[in-house]
Amino acid sequence: MRGMETGKTIIRHKVFTEIARLAYEGGDYAKALEELPYKICPGDPDDAGAYKGTLMFERAVVGERLRLAMGLPTRKLGVHNNISDGVEESVIAEKYYEPPLINVIKFACNKCPDNVVTITDGCQACLEHPCMEFCPKKAISKKANGKAQIDQSRCIRCAKCVSECQFHAIIHQKRPCKTHCGVDCIGTDEHGRAHIDYSKCTSCGQCLANCPFGAIADKSQIFQTIMAIKSDVPVYVALAPAFVGQFGPDAIPEKMEAAFKRLGFAGVYEVAIGADLCVQEEASDFLAEVPSKYSFMVTSCCPSWSNMVKKFFPEMAQNISVALTPMVITARLIKEQHPGCKVVFVGPCDAKKLEASRRHVRSDVDFVLTFEEVLGMFTAKGVDKERIPMSEAKPLNQASTDARKFAVTGGVAQAVVNAIHKTDPDREVKVVSATGLKECRKLLMLAKAGKYNGYLIEGMACPGGCVAGAGTLARIDKSAKEVEIFASRADFSCATETEYADYLPLVEAAGKNYNEVSTD
């Protein structure tokens with residue numbers, strides 16, 4: 001429900017805002033953390049909560065969210081420690097994410113029905129009863145009043161009755177977090193709550209985005225980023241292409257640098273400039289290695305997608321492009337131009353948080369924040385994009401149309417194809433892409449069977465591309481259109497025309513080492 005203000009998004013926004021305000025204002029961090037649940041959820045503890053249960057319950061959930069927003073782990077169920085326990089570990093400017101990144105707040109989990117077919121009160125006790133006739137296991141019978149009932153011990157959840165009921169009175173209930181997990185890593189613990197198998201999880205964050213109870217949350221570096229801003233070291237923003245339209249209609253691209261400077265950042269670079277260099281590297285590799293060395297090439301930009309390849313199709317790990325991701329390329333470029341600075345990647349993606357914590361990337365990307373977390377910073381500092389005068393507006397760093405389209409499905413592969421045709425106009429480049437990890441897995445199964453030999457294969461973990469990342473704020477369809485419009489305004493179309501081409505040799509040398517040895 002991106003783009004809508006719901007109870008879940010309100011709570012998340014308040015948590016990020018208060019943690020940002022705490023970091024900016026300073027003081028007794030432990031005491032402030034203990035007081036924040038009462039500030040966020042004011043009133044008598046026995047009162048009904050604004051969203052679910054009592055205020056006491058909501059404060060407990062907020063307490064866990066505050067810990068995660070500080071980069072701390074959740075507390076063990078049934079252990080009544082203080083919210084601020086361990087806070088001294090987070091009051092440093094260089095704390096990296098510690099696994100797990102994605103967490104289930106156990107007592108907030110609703111124990112949602114998981115794969116259950118249910119007959120609702122909408123049953124009209126019709127004479128025909130197609131639900132009974134089409135049930136292959138004869139699990140449906142009539143009650144005395146003529147309405148249908150299901151014997152759950154016999155039901156195989158085939159859902160034929162669901163499609164045959166003309167009144168739509170039969171529903172197939174599935175756990176939302178599990179339904180949206182493309183790698184089947186969410187199960188049920190002994191108490192009926194959601195449980196994540198981290199050996200399968202690729203940290204795409206789609207479970208977080210789709211849990212309607214807000215019981216799944218990620219860790220943040222918002223506090224540590226602000227602590228770095230308050231130090232003497234300049235901190236630059238590497239802004240992902242999906243940023244367009246995320247912060248409201250007044251946050252036009254030309255105002256973004258002025259807005260981020262009001263938060264204390266030293267400047268802003270488009271990650272699309274790194275995408276231009278990434279495209280050239282991937283195009284070069286494809287021309288040199290497919291099909292002579294590898295039967296196909298897999299794009300490397302989405303860390304959740306490439307992580308899935310390594311976990312579920314390890315024999316295909318060698319097919320992943322060795323190009324650095326646009327985030328890392330841009331960070332290295334920034335640090336080349338501003339020695340001694342720090343870099344924060346601001347984007348839509350949870351998986352980027354773990355990519356940045358890899359030991360081969362830590363020196364490049366110091367922090368990762370989602371758009372949702374940055375919105376909390378804007379609110380804490382009272383930054384009103386509408387009031388930023390146009391005299392302060394200026395274009396962002398120049399990037400190509402193709403690079404800015406990295407944020408939407410198919411954008412990466414098309415950019416590589418366009419770059420290849422600049423070098424070899426007659427070269428036929430076959431492309432196939434998938435979006436959402438469920439579809440990505442199907443794609444790789446076909447590739448494994450030899451269906452895509454000679455192809456460039458693009459995968460994106462989030463359905464719709466980066467614009468659908470777990471940390472986005474705007475409606476996905478609207479964001480995709482905004483990205484297309486912004487991309488069309490670029491001064492040049494193809495990545496090969498970038499003004500940052502001088503940095504390509506540095507990127508090529510680093511990329512070979514980075515992707516060949518970095519599996520941590």
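Here Phe213 pairs with nothing under the ring pair (Phe, Tyr, Trp, His ring centres under 6.0 Å) rule; sequence neighbours left out.
Ring-centre distance between Phe371 and Phe247: below the 6.0 Å cut-off. The ring of Phe378 has its center closer than 6.0 angstrom to the ring center of Phe260.
For the residue pair Ser479 and Gln246, a side-chain donor N or O sits within less than 3.5 Å of a side-chain acceptor on the partner. Side-chain contact check for Asp276 and Gln280: no donor-acceptor pair (N or O, by modelled atom type) lies under 3.5 Å. Checked by atom type, the side-chain pair Ser300/Glu282 shows a donor-acceptor distance below 3.5 Å. Gln337 and Tyr236 are not linked by any side-chain donor-acceptor pair at a separation below 3.5 angstrom, with hydrogens and angles left out of the test.
To the nearest 0.5 Å, atom CG of residue Asp184 and atom OG1 of residue Thr179 are 10.0 Å apart. How far OG of Ser400 is from CD of Glu270: 9.5 Å, rounded to the nearest 0.5 Å. Cys201 contributes atom SG, which lies 5.5 Å from atom CD1 of Ile196 (distance to the nearest 0.5 angstrom).
Looking at Arg358 and Asp364, no side-chain N of the basic residue comes within less than 4.0 Å of a carboxylate O on the acidic one, giving no salt bridge. The pair Lys405-Asp402 does not count as a salt bridge, with every side-chain nitrogen at least 4.0 angstrom from each carboxylate oxygen. Looking at Lys481 and Glu484, no side-chain N of the basic residue comes within less than 4.0 Å of a carboxylate O on the acidic one, giving no salt bridge.
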Which side-chain N or O atoms in residues 491-501 pair as donor and acceptor under 3.5 Å with protein atoms at least two apart or in another chain?
unit_1: Glu497; atom_1: OE2; unit_2: Cys494; atom_2: N; d: 3.4
unit_1: Thr498; atom_1: OG1; unit_2: Tyr500; atom_2: N; d: 3.0
unit_1: Tyr500; atom_1: OH; unit_2: Asn397; atom_2: ND2; d: 3.4

Tell me which donor-acceptor pairs under 3.5 Å the side chains of residues 249-257 have, and how far apart each pair is, sequence neighbours excluded?
unit_1: Glu254; atom_1: OE2; unit_2: Arg489; atom_2: NH2; d: 2.4
unit_1: Lys255; atom_1: NZ; unit_2: Lys385; atom_2: O; d: 3.3
unit_1: Lys255; atom_1: NZ; unit_2: Ile388; atom_2: O; d: 3.0
unit_1: Glu257; atom_1: OE1; unit_2: Lys394; atom_2: NZ; d: 2.8
unit_1: Glu257; atom_1: OE2; unit_2: Val268; atom_2: N; d: 3.0

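Side-chain N or O atoms of Asn110 include none that pairs as donor or acceptor with a backbone N or O of Cys112 at under 3.5 Å. Lys342 places no side-chain N or O within 3.5 Å of a backbone atom of Val233 that could act as its donor or acceptor partner. A donor-acceptor contact shorter than 3.5 Å is absent between the side chain of Lys219 and the backbone of Asn103. Panel note: side chain Tyr198, backbone Ile102; a donor-acceptor pair is recorded below 3.5 Å.
Across every non-hydrogen atom of Pro348 and Ala242, the tightest pair is CG-CB, 4.0 Å. Across Ala474 and Arg2, no two heavy atoms sit closer than the pair O-CB, 3.3 Å.
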